[in-house]
Number of protein chains: 2
Amino acid sequence: MTGATETTAESFERGGGIAVWRRIADAIEAEIAAGNMAQGDKLPTEATLAQRFGVNRHTVRRALAALAADGAVESTRGSGTFVGSARIPYPIGPSTRFSAIMTAEGHVAGAELIGAETVAASRVVAEALEIEEGAPVLQVKLKRLSDGMPVSLGTSFLPLPRFAGFPEALRAQGAVTPALKACGVQDYSRRETRISARLATGAEAATLQLEAERIVLMATGLNVDDAGVPIQFTEALFAASRIELVVGSGL
Amino acid sequence: MTGATETTAESFERGGGIAVWRRIADAIEAEIAAGNMAQGDKLPTEATLAQRFGVNRHTVRRALAALAADGAVESTRGSGTFVGSARIPYPIGPSTRFSAIMTAEGHVAGAELIGAETVAASRVVAEALEIEEGAPVLQVKLKRLSDGMPVSLGTSFLPLPRFAGFPEALRAQGAVTPALKACGVQDYSRRETRISARLATGAEAATLQLEAERIVLMATGLNVDDAGVPIQFTEALFAASRIELVVGSGL
DNA sequence: ATCCATTTGTCCGTATGTATC
DNA sequence: AGATACATACGGACAAATGGA
């Protein structure tokens, strides 16, 4: 941050078209991108930055919040603000297997069943699974971990009665693929994935161990068995600061 | 918003574990998701919401900012805050042609060349294009429009001297595919795409006609010609509020 | 075309809570 | 225990854009 210090004393005045906090955010980001700061380096304190840029501490906070949203920096109360770390690549394709992906990347994969209940299929779910609206479906929520850190929060809908035994099998096996196999699905593949991005809700941020106001990538998709029959409509949430989705190649 | 009004008078007190602004954001979002409000409907004013939830106007503003980041709501100064609109699906695959996608969706496509200059290849670009670091490459920036509204902001790197005539061809043709054809590329395909999400920088927000602090989807990828030779390393930015990326099927 | 009330946008200052060191 | 540092919320002031009178 030393480079920007001297030059910015006069340049951050109010009313210059672009908001002051935005210019400060861009300045800090540029400093990081320039390679002046490495992963994990501690930024100056908010008070210091405020003095440096000649603004109120809240104006600096707004800039830091923008950078923290996508993981460029990470703030820890009582400790400080630090330069964020790189994202784990996460392949998306016809055959996406969480455990396989993570172990291939050198991480320890894990899945934790948060909840399983029978609900009536909404219009969207019914259309995807090619069943009637209102028909009973199994809603499964699970959290996926990499090295103990939650990376994804998934909500799946599976048709009943075919997958009535799925939750128990998942609990016993600890992973989705073998649990599906226990329900008679030899193999399955992803037909379509839709990717969007938004901010995490309060509950989502809590389960993903994210601070508030963090960006999540939302991937919704449909899995079909080897006969082409829809078996699972999924919505997976990824912390944008930890994950990067990879599409293509021979996946 | 009428449903939440009566029940929330007492429930938004400070110090309840989750931040007040976050609970307000979730409450408003739930109202919208419940279908009580349609696209384009006007929300109550910030002052009204503040009074309703029994908090300061700034606390409401923080909640609305979170909802505005991903397009759930849209605020206009002097006018008010409105429920946002749906996203346009954007297929990503081996053969992604912007014009074709947009016209198929019933929109009028357009591309505007923002800038073209010769730069030295960075490490990342050089690796992707399989050339030497520091070798001259053509950097092309272009804005893509759908119905006059900017939807994507792309930065491409093309090897030189092969594509020296690309900018002129693009200006003449108005679209990428024919411009590449003018450079001798009969056909090309996408080898890999990496998708991440972050907040737009000040400059990006300006060119995309986005308010500050909006989420963008970033898709970086490599295009290769029919001989498998890398011809274009691209980074495309999409406004998350306007676009939803679609992967898969027979694309 | 002008004025004016309304409404959102930006920034400052202050107070307090809470986690870390 | 105390100092430090980030998190949340309040209040005030003014700017800028809108829209109706």
Side-chain angles (χ1 to χ4, degrees), chain A residues 11-26 28 40-69 72-84 202 205-206 209-214, chain B residues 1 8 11-26 28 40-69 72-84 202 205-206 209-214:
Chain A
S11 49
F12 287 91
E13 281 156 8
R14 200 167 169 173
I18 298 174
V20 177
W21 67 263
R22 161 54 64 202
R23 281 179 286 169
I24 292 175
D26 290 351
I28 295 175
D41 279 6
K42 187 176 187 300
L43 270 68
T45 67
E46 293 175 352
T48 307
L49 288 171
Q51 193 179 16
R52 199 172 274 189
F53 289 118
V55 298
N56 189 272
R57 186 182 144 231
H58 288 311
T59 309
V60 168
R61 277 186 62 72
R62 179 127 191 227
L64 290 177
L67 295 174
V73 304
E74 291 172 21
S75 298
T76 312
R77 167 151 43 180
S79 178
T81 305
F82 307 85
V83 178
Q209 284 178 34
L210 282 174
E211 305 307 309
E213 225 169 353
R214 295 306 164 87
Chain B
M1 292 299 310
T8 50
S11 49
F12 287 90
E13 281 156 8
R14 201 166 168 173
I18 298 175
V20 177
W21 68 263
R22 162 53 61 205
R23 282 179 286 169
I24 292 175
D26 290 351
I28 295 175
D41 279 7
K42 188 176 186 300
L43 270 67
T45 67
E46 294 175 352
T48 307
L49 288 171
Q51 192 178 17
R52 198 172 276 189
F53 288 119
V55 298
N56 188 272
R57 184 185 148 223
H58 290 309
T59 309
V60 168
R61 277 187 62 73
R62 178 120 194 234
L64 290 176
L67 295 174
V73 304
E74 290 171 22
S75 297
T76 311
R77 183 189 320 200
S79 180
T81 305
F82 306 85
V83 179
Q209 284 177 34
L210 281 174
E211 305 306 311
E213 228 171 350
R214 295 307 163 86

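Just so it is clear: chains get the letters A, B, ... in the order the sequence lines come, proteins before strands, and each one is counted from 1. In what follows, every heavy atom counts, from backbone to side chain, and hydrogens, waters and symmetry copies are set aside.
Of the candidates C:dG9, D:dC6, D:dA9, D:dC6 carries the atom nearest the A:E46 side chain, counting heavy atoms from C-beta on.
Considering only residues two or more places apart in sequence or on other chains, A:R214 meets the side chain to side chain donor-acceptor pair (under 3.5 Å) condition with none of them. Scanning for side chain to side chain contact (heavy atoms under 4.5 Å, CB included) contacts around A:R77 gives an empty result, with sequence neighbours left out. Every residue two or more places apart in sequence or in another chain that forms a side chain to side chain donor-acceptor pair (under 3.5 Å) with A:T81 is listed here: A:S75. For the side chain to side chain contact (heavy atoms under 4.5 Å, CB included) test, no residue two or more places apart in sequence or in another chain qualifies with B:A65. With sequence neighbours excluded, no residue forms a salt bridge (Lys or Arg N to Asp or Glu O under 4.0 Å) with A:E74.
Nucleotide D:dG20 holds its C1' atom 14 Å from the NZ atom of B:K42, rounded to whole Å. Residue A:R23 contributes atom CZ, which lies 12 Å from atom P of C:dT10 at whole-angstrom precision. A straight line from CD1 of B:I18 to P of D:dT8 spans 11 Å, rounded to a whole angstrom. Protein atom CZ of B:F53 is 13 Å distant from nucleotide atom P of D:dC10, rounded to whole Å. Distance, A:I24 CD1 to C:dT10 P: 13 Å, rounded to whole Å.
The phosphate of C:dG13 has OP1 or OP2 within less than 4.0 Å of a side-chain N or O from A:N56. Proximity of A:R61 to the phosphate of D:dC6: no side-chain N or O atom is located under 4.0 Å from OP1 or OP2. Between A:T45 and D:dT4 there is no side-chain polar atom (N or O) within less than 4.0 angstrom of OP1 or OP2.
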Give each protein N/O atom lying under 3.5 Å from an N/O atom of nucleotides 19-21 of chain C, with the pair distance.
{"from": "C:dT20", "atom 1": "O4'", "to": "A:R77", "atom 2": "O", "distance (Å)": "3.4"}

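The base of D:dA7 does not come close enough to the side chain of B:R22 for any donor and acceptor atom to sit less than 3.5 Å apart. At a cut-off of 3.5 angstrom, the base of C:dG9 holds no donor-acceptor pair with the side chain of A:R62. For D:dG12, its base sits under 3.5 Å from the side chain of B:H58 at one donor and acceptor pair at least.
In this structure, B:L67 and B:I28 approach most closely via the heavy-atom pair CD1-CG2, 3.6 Å.
Of the possible donor and acceptor atoms, one in the side chain of B:R23 sits under 3.5 Å from a partner among the backbone N and O of B:I18.
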